[in-house]
Amino acid sequence: MANSYLTSESKKLATWYFTVAATLFGAQLLFGLVAAIQYVIPGFLFEILDFSVARMLHINALVVWMVFAMFGAVYWLLPDETGIETVGIEVGKLLFWVFTAAVTVVVLVYLFIQVGPADATSIWFIHEGREYIEAPRWADIGITVVALGFVANLFMTGMKGNRSGIVTVLMADMIAFAGLYLTGMFYTDNITVDQFWWWWVIHLWVEATWEVYVGAIAAYGLITMIGAHRKVVEMWLWIEVTMLFGSGILGMGHHYFWIGTPEYWWEIGALFSALEPLPLVAMFIHVLYDWGKMQGEESAKGLDRSVITNKPAFTWFVLNAFGNFLGAGIWGFFHTLPQVNLYTHGTQFTSAHGHLAFFGAYATILIGMMYIAVQGKNGIKILNNSTSTIFATSMIVGGVVGMTVALTVAGYSDVIISRAQMGATWAGYFDAQATTWLTQGMVWRLIMGVITFVGFFFLAKDLLTIGKSNIHVR
Amino acid sequence: MAKKSVWSDNRFWQRTAAWITGFASVLLIWLTFDTSAQISMGNDSDLKSGVTKRVPGPTVINYKITYEMNKKRQHEIPVIGGMNAEGTSAFQEKEKFFGRDDWSEEEATELLHLGKLGSQVKNCMNCHTLLGNGAYYAPDLTKAWLDPAWGPTGPMQALTGKSTKEEAMAEFLQNPSQYPTHARMMPNLGITAEEAKGLVAFLKHMSSIDTNGFPRNFGKIQGAVNGK
Ligand code: HEM
Ligand code: HEM
Ligand SMILES: [Fe+2]
């Protein structure tokens, strides 16, 4: 870090977190491609790197890179918000190395050991075989320690420095985020109880605590990038928290329709999860409204310049507003009522939603934060788009939207044939897989996945080099 | 902001957020207690005394299980040990599982434990869905035990050269890539004979869970009209 403008240790640590996050994002896409190829060419790497292993690496890398970027973004904004250096920064750095080392070991074990015998040692040292949170138990404990250390630093800094509304929301949110992880750590022979608690982690992360986190980051971004008024932004933030937690917590019922849980979840899940898109609309309006308002103030002064001080980051923040609303709000609402979900449950349609939601709601804003870090690290006043920014953004966004469309189309034959007509039998499943919509959908998903992957290289190149370019205002 | 109004007061919205979140959380916790009681696993005496549980005890493997349309609930439900006059489980009719229908509570529990643990260690969920959750690369396993493909009229017993459903399934699980049904095959996961037995017990047990009618029309309609 020779020619860095960063004086804050917290911000330096943030850049480390972002570096690992971006690397894991690349790994995520690589293993997604392996799994996507296997849909089209079933013999590809068969009994070498099977679909189950590729997919586990794909979705674990996804969750882990996002957690890394989330921690990084908090370490980045803390000095700005609190006005002081982060308390416990040395411990923070140590935990970063512990976390990175643990993730490396876990990935190598997934790749080279893959499966073990059906006993407890496999659960402790290989993986737990539960989607998204497969990490073996030793790593669970390690992750918990790291997360608690992170939360402790956030709390100590928030208590000592200026506790803004954004920091207050983050403090409350991050403790829930860390605490919820514990509900996914135990073993039970009862698969219904197992999935009941598994959703406490998955759903209450992505549809409650992570969404609130995004609200807080968007608030920070609006203040720093377009100079929105803190008072208004923070009021919106509290309203968003109200709506997000008010709908998202009980909205968990939409996962309790068919796993052995009682019927009353049909009504509770339907009602509250149907309300979940509302805060996403609010967040969408909020970002665009503030932008228009700040730009309008500028025009009223007779000035012609843009209020945006970081073009690439702001683009990703606006994409977040769209993507969150479309991927989580619209694609989520599509299948959230029990009368629909009876047939769409566990199909390619679910995958369409999963992709657009994770990408739209989280990947976008976290990439935006990486650009904010590039700006800060290089002491740039106004960061402009480079050619690579344009290529990266359009290829990644175009690719993921393309994959979503392909999966949605594939989802129709999956839903109608394998679920509605043949009731999820073995034969019904393969009848649906053989339809033209599904087979061609898988080819298109692969093509769009390749475009996304190429876009990633433009992104990596851009993040590494854009700071040195002379197109910016310094 | 000209005049102060409660609607533009951050403290007001902060308190609202706290109250709403607290209220939703308390409701969720309360429902969790109720649900937990309803989804706890039953035991052998429940089965013997005809008590219907949403998740029956492990000795359910000693019984015949079917999936039947229920008039009152308007969807299919698992029926254990034959049907009674109300169209629900009679808990009478037994069915041999690996040659026995007298698996003790202890033995059955141990077998189910091995199977559930095996399902995690072998990573079933990253290709298949279980209770509809997981990956979409392979068929749903919720009611796999009841799938006509494994029954006397289906192809799997002949393919594996076995004469019962459980033996056919266990044989397939040990050497899946020897018995391909499609170009997309299940890989060999190093499943031992004992683990395979456990996994089949796990599948049979899962098929007895009351999933509120998911999947709908399971195995009722053959030969779909597809979009080819
Ligand atoms: C950013 C927010 C969200 C993310 C990241 C997200 C992600 C996901 C993912 C990955 C799954 C699949 C889980 C699996 O693999 O089994 C899923 C399932 C589901 N999501 Fe979301 N989701 C979000 C928001 C929403 C919203 C707002 C709604 C409703 C309005 C919703 C409704 C559903 C439903 C009903 C399912 C179950 C699908 C099934 O039965 O197969 N999601 N979500
Ligand atoms: C190169 C681009 C990508 C390719 C080729 C790809 C491919 C795949 C494949 C084949 C699966 C397994 C689906 C199944 O079980 O049938 C999957 C699952 C998943 N991927 Fe991707 N993916 C890509 C990018 C992404 C991105 C950018 C995100 C989000 C930021 C993402 C999030 C997910 C999620 C959440 C799942 C689990 C979905 C579910 O179970 O419903 N993927 N992906
Ligand atoms: Fe959900």
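In what follows, chains carry the letters A, B, and so on, assigned in the order in which the sequence lines appear, proteins first and then strands, with residues in each chain numbered from 1.
- Proximity to chain A (any heavy atom under 4.5 Å) is shown, for B:Trp19, by neither the backbone nor the side chain.
- In terms of heavy atoms, A:Ala118 sits closest to B:Leu117 at O-CD2, 3.7 Å.
- Put simply, of A:Trp266, A:Trp198, A:Tyr132, A:Tyr256, the one with the most heavy-atom pairs under 4.5 Å next to chain B is A:Trp266.
- For the set A:Ile126, A:Asp119, A:Thr439, A:Leu244, the count of heavy-atom pairs under 4.5 angstrom toward chain B peaks at A:Asp119.
- Side-chain contact check for B:Arg184 versus A:Tyr39: some heavy-atom pair is nearer than 4.5 Å.
- Interface remark: A:Ile268 contributes side-chain atoms only to the contact with chain B (heavy atom separation under 4.5 Å).
- Minimum interatomic distance between A:Pro117 and B:Val121 (heavy atoms only, all atoms of both residues): O-CG1, 3.3 Å.
- Heavy-atom distances place no part of A:Asn341 under 4.5 Å from chain B, backbone and side chain included.
- Distance alone, capped at 3.5 Å, places no donor-acceptor pair between the B:Lys220 side chain and the A:Gly423 backbone.
- Note on A:Thr242, A:Ile123, A:Asp194: by heavy-atom pairs under 4.5 Å with chain B, the leading option is A:Thr242.
- A donor-acceptor contact closer than 3.5 angstrom is absent between the side chains of B:Asn123 and A:Glu134.
- Within the 4.5 Å cutoff, the side chain of A:Asp189 has no heavy atoms near those of the B:Phe202 side chain.
- Heavy-atom distances place both the backbone and the side chain of A:Asn190 under 4.5 Å from chain B.
- Between the side chain of B:Gln120 and the main chain of A:Glu128, a donor-acceptor pair closer than 3.5 Å is present.
- When all heavy atoms of B:Ala149 and A:Trp426 are compared, the pair lying nearest together is CB-CB, 4.4 Å.
- For A:Ile259, the parts lying under 4.5 angstrom from a heavy atom of chain B are both the backbone and the side chain.
- Side-chain atoms of A:Arg419 do not come within 3.5 Å of backbone N or O of B:Pro215 as any donor-acceptor pair.
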(request) Please assess A:Val241 against B:Trp13 for the test side-chain contact (heavy atoms from CB on, under 4.5 Å), listing each intermediate value before the final yes or no. (result) CA-CA 9 Å; A:Val241 173; B:Trp13 287 109; over 6 Å; no
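- Here the straight-line distance linking atom CD1 of A:Ile249 with atom OG of B:Ser25 works out to 3.5 Å at 0.5 Å rounding.
- With a 4.5 Å cut-off on non-hydrogen atoms, A:Trp200 touches chain B through its side chain but not through its backbone.
- By number of non-hydrogen pairs under 4.5 angstrom with chain B, the leading residue of A:Gly246, A:Ser351, A:Ser413 is A:Ser351.
- The most heavy-atom pairs under 4.5 Å with chain A, out of B:Thr21, B:Asn126, B:Leu28, B:Leu27, come from B:Asn126.
- Contacts with chain A (heavy atom to heavy atom, under 4.5 Å) involve these residues of residues 128-144 of chain B, listed by number: B:Thr129, B:Leu130, B:Leu131, B:Gly132, B:Asn133, B:Gly134, B:Ala135, B:Tyr136, B:Tyr137, B:Ala138, B:Pro139, B:Asp140.
- With a 4.5 Å cut-off on side-chain heavy atoms, B:Gln38 and A:Tyr264 count as touching.
- Taking 4.5 Å as the limit, every side-chain heavy atom of B:Arg216 sits out of range of all side-chain heavy atoms of A:Trp258.
- Using a 4.5 Å cut-off between heavy atoms, A:Tyr429 touches chain B through its side chain atoms alone.
- To the nearest 0.5 Å, the span separating SG on B:Cys127 from CZ on A:Arg55 amounts to 8.5 Å.
- Looking at B:Met125 and A:Met56, their side chains never come closer than 4.5 Å, going by heavy atoms from C-beta outward.
- Per-residue heavy-atom pair counts under 4.5 Å with chain A were compared for B:Leu114, B:Asp9, B:Ile20, B:Ile39, and the maximum is reached by B:Ile39.
- Using a 30° and 60° split on the angle between ring planes, B:Phe214 and A:His345 fall in the perpendicular class, above 60°.
- No side-chain heavy atom of B:Thr211 sits less than 4.5 Å from a side-chain heavy atom of A:Phe257.
- When heavy atoms are compared at a cutoff of 4.5 Å, A:Glu263 approaches chain B by way of both its backbone and its side chain.
- Contacts with chain A were tallied for B:Met206, B:Arg73, B:Arg11; B:Arg73 has the most, counting heavy-atom pairs under 4.5 Å.
- Only the backbone of A:Thr347 comes within less than 4.5 Å of a heavy atom in chain B; its side chain stays farther off.
- When B:Leu112, B:Thr109, B:Leu146, B:Thr181 are compared by the number of non-hydrogen pairs under 4.5 Å with chain A, B:Thr181 comes out ahead.
- Heavy-atom distances place no part of A:Ala54 under 4.5 Å from chain B, backbone and side chain included.
- Ranked by heavy-atom pairs shorter than 4.5 Å toward chain A, the options B:Thr192, B:Asn217, B:Asp147, B:Asn10 are led by B:Asn10.
- Annotation for A:Tyr110: atom OH counts as buried by contact number, over 12 foreign heavy atoms lying within 6.0 Å.
- Residue B:Leu31 touches chain A through both its backbone and its side chain, counting heavy-atom pairs closer than 4.5 Å.
- Closest of all the heavy-atom pairs between A:Asp50 and B:Pro187 is OD2-CB, 3.1 Å.
- In this structure, the portions of B:His113 lying under 4.5 Å from any heavy atom of chain A include both its backbone and its side chain.
- In this structure, the portion of A:Met252 lying under 4.5 Å from any heavy atom of chain B is its side chain and not its backbone.
- By the 4.5 Å heavy-atom criterion applied to side chains, B:Asn212 and A:Leu342 are not counted as neighbours.
- Taking each heavy atom of A:Thr168 and B:Gln14 in turn, the nearest pair found is CG2-NE2, 4.1 Å.
- The parts of A:Gln38 that come within reach of chain B are both its backbone and its side chain, each placing non-hydrogen atoms under 4.5 angstrom from that chain.
- For a residue to count as touching a neighbouring chain, one of its non-hydrogen atoms must lie under 4.5 Å from one of that chain's; by this rule B:His205 does not touch chain A.
- Annotation: side chain of B:Lys116 is in contact with side chain of A:Tyr187 (closest heavy-atom distance under 4.5 Å).
- Ranked by heavy-atom pairs under 4.5 Å with chain B, the list A:Ile41, A:Thr188, A:Val53 is led by A:Thr188.
- With a threshold of 4.5 angstrom between heavy atoms, A:Ile59 approaches chain B through side-chain atoms but not through N, CA, C or O.
- For the atom pair CZ (A:Phe46) and CG (B:Asn188), the distance works out to 8.0 Å, reported to the nearest 0.5 Å.
- For the atom pair OG (B:Ser8) and CE (A:Met235), the distance works out to 6.0 Å, reported to the nearest 0.5 Å.
- Atoms OG1 and CH2, on A:Thr425 and B:Trp150 in that order, are 13.0 Å from each other to the nearest 0.5 Å.
- Atom CD of B:Glu105 has more than 12 neighbouring heavy atoms from other residues, nucleotides or ligands inside a 6.0 Å radius.
- Residue contact with chain A, scored on non-hydrogen atoms closer than 4.5 Å, is absent for B:Met156.
- Highest contact tally toward chain A, considering only B:Leu199, B:Ile191, B:Thr32, B:Leu189, is held by B:Thr32 [criterion: heavy-atom pairs under 4.5 Å].
- Of the two parts of A:Pro338, neither the backbone nor the side chain holds a non-hydrogen atom closer than 4.5 Å to a non-hydrogen atom of chain B.
- Contacts between A:Leu204 and chain B at a heavy-atom distance below 4.5 Å involve the side chain alone, from C-beta outward.
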